[in-house]
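Note sheet for the following structure.
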Amino acid sequence: MGKTIAQKIIAAHLLSGRLTPGSEVALRIDQTLTQDATGTMAYLALEGMGIPRVKTELSIAYVDHNTLQCGFENADDHQYLQTVAAKYGVRFSRPGNGICHQVHLERFGKPGKTLIGSDSHTPTAGGLGMLAFGAGGMDVAAAMGGGAYYITMPKMFRVNLIGTLRPGVTAKDISLEILRILSVKGGVGAIIEWGGPGVANLSVPERATITNMGAELGATTSVFPADDVTKAFLAAQGREEDFTPIFADEDAVYDRIIDIDLGALTPRIACPHSPDNVKSVAELKEIKVDQVCIGSCTNSSLADLLKVAAILKGKKIAPHVSLSISPGSRQVLSMLAKCGALEDILASGARLLECACGPCIGMGFSPNSGGVSLRTFNRNFLGRSGTRDGQVYLVSPETAAASALRGYITDPMTLEVQPAITMPEQFTIDDSGVLMPLDEEAAKDAKVLRGPNIKEFPVGKAMEDAISGAVVLKVGDNITTDHIMPAGAKILPYRSNIPFLSKFCFEVCDPAFPERAKATHNGIILGGENYGQGSSREHAALVPMYLGVRCVIAKSFARIHVANLINAGILPLTLANADDYDALEQGAALALENIHSGMENGTLTATAGDQKITLRCDLTQRQRSILMAGGLLRYIGEGGL
Ligand code: MIC
Ligand code: SF4
């Protein structure tokens with residue numbers, strides 16, 4: 001039987017396990033990336049593991065999230081990251097060099113290799129034919145230390161692209177269309193492979209827009225073949241030697257096949273407050289727009305911004321619109337400047353922001369009260385923009401630029417002239433924004449600088465056999481890690497300071513949660529479907545653990561978050577009978593007994609008054625050992641790497 005692209009890469013990196021869906025596989029990891037908002041915890045964990053140098057082919061620490069520096073906090077974190085990276089053999093991408101996923105695509109990703117990153121959009125590199133996963137910081141630290149990365153062998157989905165996109169329709173619209181079809185949980189437990197004749201018409205950055213938003217589907221990862229288009233992209237980046245072709249076999253078997261006719265697609269828009277709340281742009285053309293933001297790891301490539309510049313050229317944005325542009329990397333920004341496109345952007349009235357995540361993670365540019373914000377980003381979760389009642393819509397760069405001009409949501413297919421761009425044959429290459437680590441000798445005496453913002457890494461408790469606790473919070477379906485542990489300019493500088501962060505846990509759902517959790521002995525959270533979707537931030541597990549949460553019971557979990565809960569020593573349990581969700585109320589006392597044997601045989605019973613609730617406990621042997629030890633750090637401390 002033939003193999004899919006993912007099966008080929010997994011087979012070539014398999015350390016243990018079988019390629020049967022549902023079984024645990026251990027993978028050898030070639031490359032790792034971290035970003036600053038999750039990186040500090042990842043390197044604190046690496047230091048805690050006592051490994052002197054990273055063992056991967058390439059590890060890199062990007063600084064792209066926390067770049068506002070409103071006090072000493074971010075600057076301290078950057079200094080810590082730079083010095084810890086230099087000592088441990090990790091490259092350091094300086095603030096301003098660009099968004100991790102865009103820079104990684106341009107300068108480091110390689111077809112056929114494996115990558116894990118402490119950011120949920122790491123699958124962006126799948127646009128190059130790389131198998132790339134988002135993971136918690138502790139898992140990335142373990143991989144840097146030479147440990148395997150463990151995943152549940154996913155099912156294989158295939159999306160066939162047929163035909164060619166019409167002018168005004170883009171790769172972003174393909175991403176939104178697949179979200180409309182599958183929903184934010186439709187990719188859970190699956191790898192999504194993109195194929196079909198339409199793939200040849202998509203550039204690598206366009207493919208990366210699609211693999212990037214596979215994270216919003218809940219997919220384990222997404223991947224494209226590595227073909228002549230990939231080869232040409234790598235050659236234009238001066239990296240032709242990094243190319244290896246990779247394709248699925250003709251007779252590869254998929255669990256599900258979806259066809260998308262590109263020629264029939266029209267511009268799409270995700271409405272508040274979920275990336276799968278997708279409509280066609282034409283339907284919403286009467287909506288007035290207050291703000292437009294162009295950038296993020298989804299849509300900030302040179303081609304994206306050249307198209308935006310071509311639409312804006314010689315025109316002015318509507319007076320009531322505020323437009324921001326954040327180029328994805330310094331390479332993109334300098335090339336825009338050289339060819340004059342930057343001037344066209346600025347002359348239109350746009351505001352230029354740093355080459356960083358910026359508004360995407362609420363670091364500035366929050367919309368006005370109740371304001372309508374059109375963003376080329378990947379997430380529009382409630383409150384993520386920094387304005388709780390902000391109405392955030394997700395669109396393509398073309399829709400964003402056309403709407404900024406008219407001041408109303410505008411279908412770019414209606415533009416009088418479609419933007420025509422010419423891509424340069426060679427990208428401008430300047431890797432001076434990436435600092436090389438110290439050599440092994442010099443590293444021995446090098447000091448790691450740790451400012452007062454960097455607090456200790458919290459560690460969990462060994463799992464007891466019985467827990468008597470209470471439902472300290474009950475929440476609904478699709479709770480994101482942005483609900484659990486919000487980000488944004490006010491809080492993001494404290495990602496290395498769990499005690500401070502804990503004051504904001506679940507702020508969007510219930511501001512009284514932190515105090516209540518602290519006052520409750522053994523807190524238990526009750527969630528609905530797809531609990532913990534979105535970001536890979538392990539803070540969404542470490543902070544509840546710090547507040548005394550011992551267990552999360554949900555109808556189902558998102559992949560990265562459940563791994564983070566286990567790594568933090570929090571027991572994840574699923575309701576065997578979804579109706580029990582309705583019967584259990586916030587505040588209910590809940591007792592779990594015979595936890596150890598329940599973890600072994602997969603079923604546990606909880607008692608709430610005279611009610612018995614059956615819970616599933618689907619854990620691998622390794623996960624059981626991590627929980628028994630009290631989390632991944634304790635497990636590794638006991639020799640478990
Ligand atoms: C995000 O897009 O939510 C983030 C910020 O990049 C996160 C990581 C984080 O919370 O630091 C992610 O996607 O994993
Ligand atoms: Fe940064 Fe936004 Fe991408 Fe997350 S989704 S890495 S915050 S640009």
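Each ligand, and each atom within it, is numbered from 1 in the order the structure gives.
Using cut-offs of 30° and 60° for the angle between ring planes, the Phe513 and Phe506 rings count as perpendicular.
Residues satisfying the side chain to side chain donor-acceptor pair (under 3.5 Å) test with Gln533, not counting sequence neighbours, are none. Scanning for side chain to side chain contact (heavy atoms under 4.5 Å, CB included) contacts around Pro95 gives Val63, Thr67, His78, Phe92, with sequence neighbours left out.
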Report task. Assess whether side chain to side chain donor-acceptor pair (under 3.5 Å) is satisfied between Ser496 and Asp77, documenting all intermediate values. Result -> CA-CA 8 Å; Ser496 324; Asp77 284 2; 3.0 Å; yes

Query raised in the report: Which is it for His483 and Phe381 under the ring-ring contact (aromatic ring centres under 6.0 Å, His included) test, yes or no, and what are the steps along the way?
Result: CA-CA 8 Å; His483 292 97; Phe381 303 144; 7.1 Å; no

Requested in this report: For Tyr149 and Phe133, run ring-ring contact (aromatic ring centres under 6.0 Å, His included): C-alpha distance rounded to whole Å, both residues' side-chain angles, the deciding distance at 0.1 Å, then the answer.
Outcome: CA-CA 10 Å; Tyr149 179 55; Phe133 307 92; 5.6 Å; yes

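Under the side chain to side chain contact (heavy atoms under 4.5 Å, CB included) test applied with Lys172, the options Thr399, Asp304, Thr298, Ile269 reduce to a single match, Thr298. Evaluated for a side chain to side chain contact (heavy atoms under 4.5 Å, CB included) with Arg375, the options Val292, Asn299, Val392 yield exactly one hit, Val392.
Residue Asp482 has no nitrogen or oxygen atom sitting less than 3.5 Å from a nitrogen or oxygen atom of ligand 1, judged on distance alone. Note: no N/O pair closer than 3.5 Å links Ser118 and ligand 1 by distance alone. Between Ser535 and ligand 1, a contact under 3.5 Å exists for at least one N or O pair. At under 3.5 Å, a nitrogen or oxygen of Gln35, whether backbone or side chain, sits near a nitrogen or oxygen of ligand 1.
Heavy-atom proximity to Ile361, at under 4.0 Å, picks out these atoms of ligand 1: 5 (C). Interface of Thr38 with ligand 1, defined as ligand atoms under 4.0 Å from a residue heavy atom, comprises 9 (C), 11 (O). Per-residue contacts place Arg495 under 4.0 angstrom from the following atoms of ligand 1 (heavy atoms of the residue considered): 9 (C), 10 (O), 11 (O). Within ligand 1, counting atoms from 1 as listed, the ones closer than 4.0 Å to a heavy atom of His65 are 4 (C), 5 (C), 6 (O).
In terms of protein heavy-atom proximity, atom 4 (Fe) of ligand 2 is nearest to His65 NE2, 3.8 Å. The protein non-hydrogen atom at the shortest distance from atom 12 (C) of ligand 1 is Ser120 OG, 3.3 Å. Looking at atom 2 (O) of ligand 1, its nearest protein heavy atom turns out to be Arg384 NH2, 2.9 Å. Nearest protein heavy-atom contact of atom 10 (O) of ligand 1 is Arg537 NE, 2.5 Å.
At least one heavy atom of Arg379 sits closer than 4.0 Å to an atom of ligand 1.
Of the heavy atoms in Asp119, both backbone and side-chain atoms come closer than 4.0 Å to ligand 1. The proximity of Met41 to ligand 1, defined as any non-hydrogen pair under 4.0 Å, does not occur for either the backbone or the side chain.
Around atom 3 (Fe) of ligand 2, the protein atoms of type N, O or S found under 2.8 Å away are Cys297 SG, listed by chain and number.
Shown here is Gln69, whose CD atom has more than 12 heavy atoms of other residues, nucleotides or ligands within 6.0 Å. By the neighbour-count criterion of 12 heavy atoms within 6.0 Å, atom CZ of Arg239 is densely surrounded, having more than that number from other residues, nucleotides or ligands.
A salt bridge links Glu47 with Arg450; the closest basic N to acidic carboxylate O contact falls under 4.0 Å.
Sequence neighbours left out, the pairs with a member in residues 206-224 that pass salt bridge (Lys or Arg N to Asp or Glu O under 4.0 Å) are Arg207-Asp227, Glu216-Arg379.
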